[in-house]
Amino acid sequence: MKKNILAQAIALALMASPLAASASEAELLKRLDKLAAEVEQLKAELAATKKKTDTVEQRQDALAAAPAAPAAVAVAAAPVAAAPVSTAAASPAAMLGPNTVLSSYGEVNYTRPRHDSSKAQTDVARAVIGITHRFDEKTKMVAEFEWEHAVTSASDKGETEVEQLYVEREFNNGLRAKGGLFLIPAGLLNTNHEPTAYYGVYRNFVETAIIPSTWREAGLGLSQTLDNGLSWDTGLTTGFDLSKWDASSADGRTSPLGSIHQEGQMAKSHDLSVFGALNWRGVPGLLLGGSVFTGKVGQKTPDFAAQDARLTLWDLHARYTPGKWDLSAVYARGTISNTEALNQTFAGQPTPVPSSFYGWYTQAAYQLWKNSDYALTPFVRYERFNTANGYAAMPAGLAVATGPNEGVWTTGLNFNVGEGVVLKADYQKFKVDTARDRFNLGLGYAF
């Protein structure tokens with residue numbers, strides 16, 4: 001396979017990634033040349049093997065045709081435009097064989113509240129191992145396994161979970177079908193949540209409190225990327241279980257959907273949900289998109305007062321990366337209908353079910369300095385969100401006060417080291433709950 005043909009194939013794979021717009025055309029061409037050179041080197045090393053051609057093609061597929069795998073996400077350029085492309089997936093350490101790629105990401109964070117230093121803490125937030133195996137040039141399996149908060153046991157706060165587990169088949173017309181447990185394509189963060197792929201020590205509030213992170217469902221999905229820069233995703237999946245709502249806990253105020261998600265764990269499936277997403281990358285450096293997810297959440301739970309409750313969550317998002325700038329914005333809004341009878345059973349409890357919740361943010365980052373080994377990118381973000389923006393009408397005397405419209409300023413910097421490590425520092429200022437003002441430090445990696 002000629003080098004220019006290989007570069008075109010890799011370019012198509014990068015365009016299929018939600019992060020392709022985060023680099024300039026010149027930067028992408030540099031990365032393509034680098035990837036092409038490494039594949040040519042692999043060809044030379046395998047020249048003496050019996051199945052030279054097949055093996056080389058399979059390795060090229062593992063690099064260029066697995067956009068959903070975290071390793072390929074790292075290759076496709078994190079939104080920190082200052083970071084050079086990661087080629088860890090092409091190294092012997094990342095290749096378990098001609099058909100299998102190992103990937104990983106993780107982060108360690110430190111937080112110090114401004115007004116109460118006694119609550120300062122350090123957390124091994126997560127460690128993730130991913131495996132992508134290609135059965136043939138059109139069929140692959142993607143799996144991710146995550147450990148959170150360092151220790152998992154009955155008495156600890158840690159978790160162990162399967163973050164993704166699905167099989168995908170590509171057809172001749174570029175249509176892709178998958179089945180299993182996979183990430184829902186909502187917002188900018190959910191399908192691209194490695195620490196090297198976002199600014200700040202912690203993921204933003206809009207894409208954790210309003211759009212839950214990391215949000216995955218079990219089901220079937222279809223997707224396709226068209227020549228005009230438009231890509232679409234749709235599918236039928238499991239949904240949320242409103243019977244899990246705990247009105248005595250503050251979890252629902254922290255994240256309404258995070259408190260009732262099922263994550264593929266013996267998920268109730270009487271009421272399934274549907275989703276759809278559109279993204280357009282027809283202009284270099286520009287991404288425009290949106291998504292919607294909807295389904296009933298009563299799940300035919302016996303004696304449950306909200307059998308007909310329906311959840312709908314939608315978002316609009318944009319990213320533009322002219323030169324050294326990286327500009328982005330997200331708006332997300334959710335509703336849960338037919339909750340009146342259920343909330344009456346929660347009378348006197350602090351956390352009834354909201355009928356609406358929303359959030360938005362806007363963010364700007366600038367690549368201030370870069371050389372062959374390091375890159376420094378300061379950023380600023382403002383977000384506004386309300387996890388209890390409204391409640392269904394209640395009888396006199398049972399009305400519930402809505403939540404505050406919290407605003408958060410986050411300013412800081414990402415310092416990239418090499419091709420897959422990032423150091424982060426930021427300060428967060430809260431408009432309403434000022435006790436949460438804090439300094440944060442973080443270390444993350446991805447390959």
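Side-chain N or O atoms of N343 include one that pairs as donor or acceptor with a backbone N or O of V353 at under 3.5 Å. Using a distance-only test at 3.5 Å, with no hydrogens or angles considered, a donor-acceptor pair links the side chain of T294 to the main chain of L311. The closest donor-acceptor contact from the side chain of D123 to the backbone of H149 lies at 3.5 Å or more, if one exists at all. Listed for the D426 side chain is a donor-acceptor partner under 3.5 Å among the backbone atoms of V201. Within the 3.5 Å criterion, the main-chain N or O of F430 finds a donor-acceptor partner in the side chain of D437. Judged by distance alone, the side chain of W232 and the main-chain N or O of L222 form no donor-acceptor pair under 3.5 Å. Under the 3.5 Å distance criterion, the side-chain polar atoms of Q224 are matched with a main-chain donor or acceptor of N173. Without hydrogens or angle criteria, T238 side chain to S269 main chain gives no donor-acceptor distance under 3.5 Å. The backbone N or O of V142 sits nowhere less than 3.5 Å from a side-chain atom of T132 that would complete a donor-acceptor pair. Remark: side-chain polar atoms of E194 are not paired, donor with acceptor, to backbone N or O of A446 under 3.5 angstrom.
Two residues are said to be in side-chain contact when any heavy atoms from C-beta on lie closer than 4.5 Å; W245 and T351 meet this criterion. The side-chain heavy atoms of T410 and F379, taken from C-beta on, include a pair separated by under 4.5 Å. Counting heavy atoms from C-beta on, the side chains of T254 and T387 never come closer than 4.5 Å. With a 4.5 Å cut-off on side-chain heavy atoms, Y199 and D326 count as touching. Counting heavy atoms from C-beta on, the side chains of R310 and K296 come closer than 4.5 Å. Counting only heavy atoms from C-beta outward, the side chains of Y105 and T196 never approach each other to under 4.5 Å. With contacts defined as side-chain heavy-atom distances shorter than 4.5 Å, the pair V422/N416 qualifies. Under the 4.5 Å side-chain criterion, counting only non-hydrogen atoms from C-beta, L183 is in contact with H193.
With sequence neighbours left out, the ring-ring contact (aromatic ring centres under 6.0 Å, His included) criterion links H261 to no other residue. Partners of Y391 according to the ring-ring contact (aromatic ring centres under 6.0 Å, His included) rule, which considers only residues two or more places apart in sequence or in another chain, do not exist here.
Electrostatic pairing of K300 and D271 does not count as a salt bridge here, judged by no charged N lying under 4.0 Å from a carboxylate O. At a threshold of 4.0 Å, the pair E406-K431 does not count as salt-bridged, since none of the basic side-chain nitrogens sits closer than that to a carboxylate oxygen.
One distance of note links CG of L342 with CD of E340; it measures 10.0 Å at 0.5 Å rounding. Atom CD in E383 sits 9.5 Å away from atom CH2 in W360 (nearest 0.5 Å). Annotation: the span from T191 atom OG1 to L188 atom CG amounts to 8.5 Å, rounded to 0.5 Å. Summarising the geometry, atom CZ belonging to R384 is positioned 4.5 Å from atom CG belonging to N405; distances are rounded to the nearest 0.5 Å. If you take CD on Q265 and CG on L181, they are separated by 11.5 Å, rounding to the nearest 0.5 Å. Atom-to-atom distance recorded for I211:CD1 and I184:CD1 is 11.5 Å, nearest 0.5 angstrom.
When every heavy atom of Q262 is checked against every heavy atom of F240, the shortest pair comes out as NE2-C, 4.0 Å. Of all the heavy atoms in Y374 and V417, the pair that sits closest is CE2-CG1, 3.9 Å. The two residues G106 and P195 have their closest heavy-atom pair at O-CG, 3.3 Å. The shortest non-hydrogen separation linking H270 to Q299 is N-OE1, 3.2 Å. Across all non-hydrogen atoms, the minimal contact from T225 to S231 is OG1-CB, 3.7 Å. When all heavy atoms of T402 and G390 are compared, the closest pair comes out as CG2-CA, 3.9 Å.
The aromatic rings of Y445 and F447 sit parallel to each other, their planes meeting at less than 30°, with 60° as the upper class boundary.
Taking the centre and axis of the six-membered ring of Y198, the NZ or CZ atom of K424 falls inside the cone set by 45° and 6.0 Å.
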Query raised in the report: Checking side-chain contact (heavy atoms from CB on, under 4.5 Å) for the pair L287/W280: CA distance, chi angles, key distance, verdict?
Result: CA-CA 6 Å; L287 165 64; W280 182 72; over 6 Å; no
Report task. Walk me through it: do T111 and Q121 pass the test side-chain hydrogen bond (donor to acceptor under 3.5 Å, both in side chains)? Result -> CA-CA 6 Å; T111 296; Q121 69 174 22; 5.8 Å; no
**Report entry** Trace of the side-chain contact (heavy atoms from CB on, under 4.5 Å) decision for N204 with V408
**Finding:** CA-CA 10 Å; N204 68 78; V408 183; over 6 Å; no
Requested in this report: In sequence, state the C-alpha distance, the side-chain angles, and the governing distance for L313 and I210, and then conclude on side-chain contact (heavy atoms from CB on, under 4.5 Å).
Outcome: CA-CA 9 Å; L313 178 69; I210 306 302; 4.3 Å; yes
**Report entry** T237/L220 under side-chain contact (heavy atoms from CB on, under 4.5 Å): CA gap, chis, key distance, verdict
**Finding:** CA-CA 6 Å; T237 69; L220 301 172; over 6 Å; no
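Tested against S291, the residues T234, N190, D315, D233 include a single side-chain hydrogen bond (donor to acceptor under 3.5 Å, both in side chains) partner, D315. Tested against R216, the residues E144, E146, E263 include a single salt bridge (charged side-chain N to carboxylate O under 4.0 Å, His left out) partner, E263. The one candidate from F385, Y361, W314 that meets the ring-ring contact (aromatic ring centres under 6.0 Å, His included) condition with Y331 is W314. Of the residues F275, F293, F182, the one that meets the ring-ring contact (aromatic ring centres under 6.0 Å, His included) test with W215 is F293.
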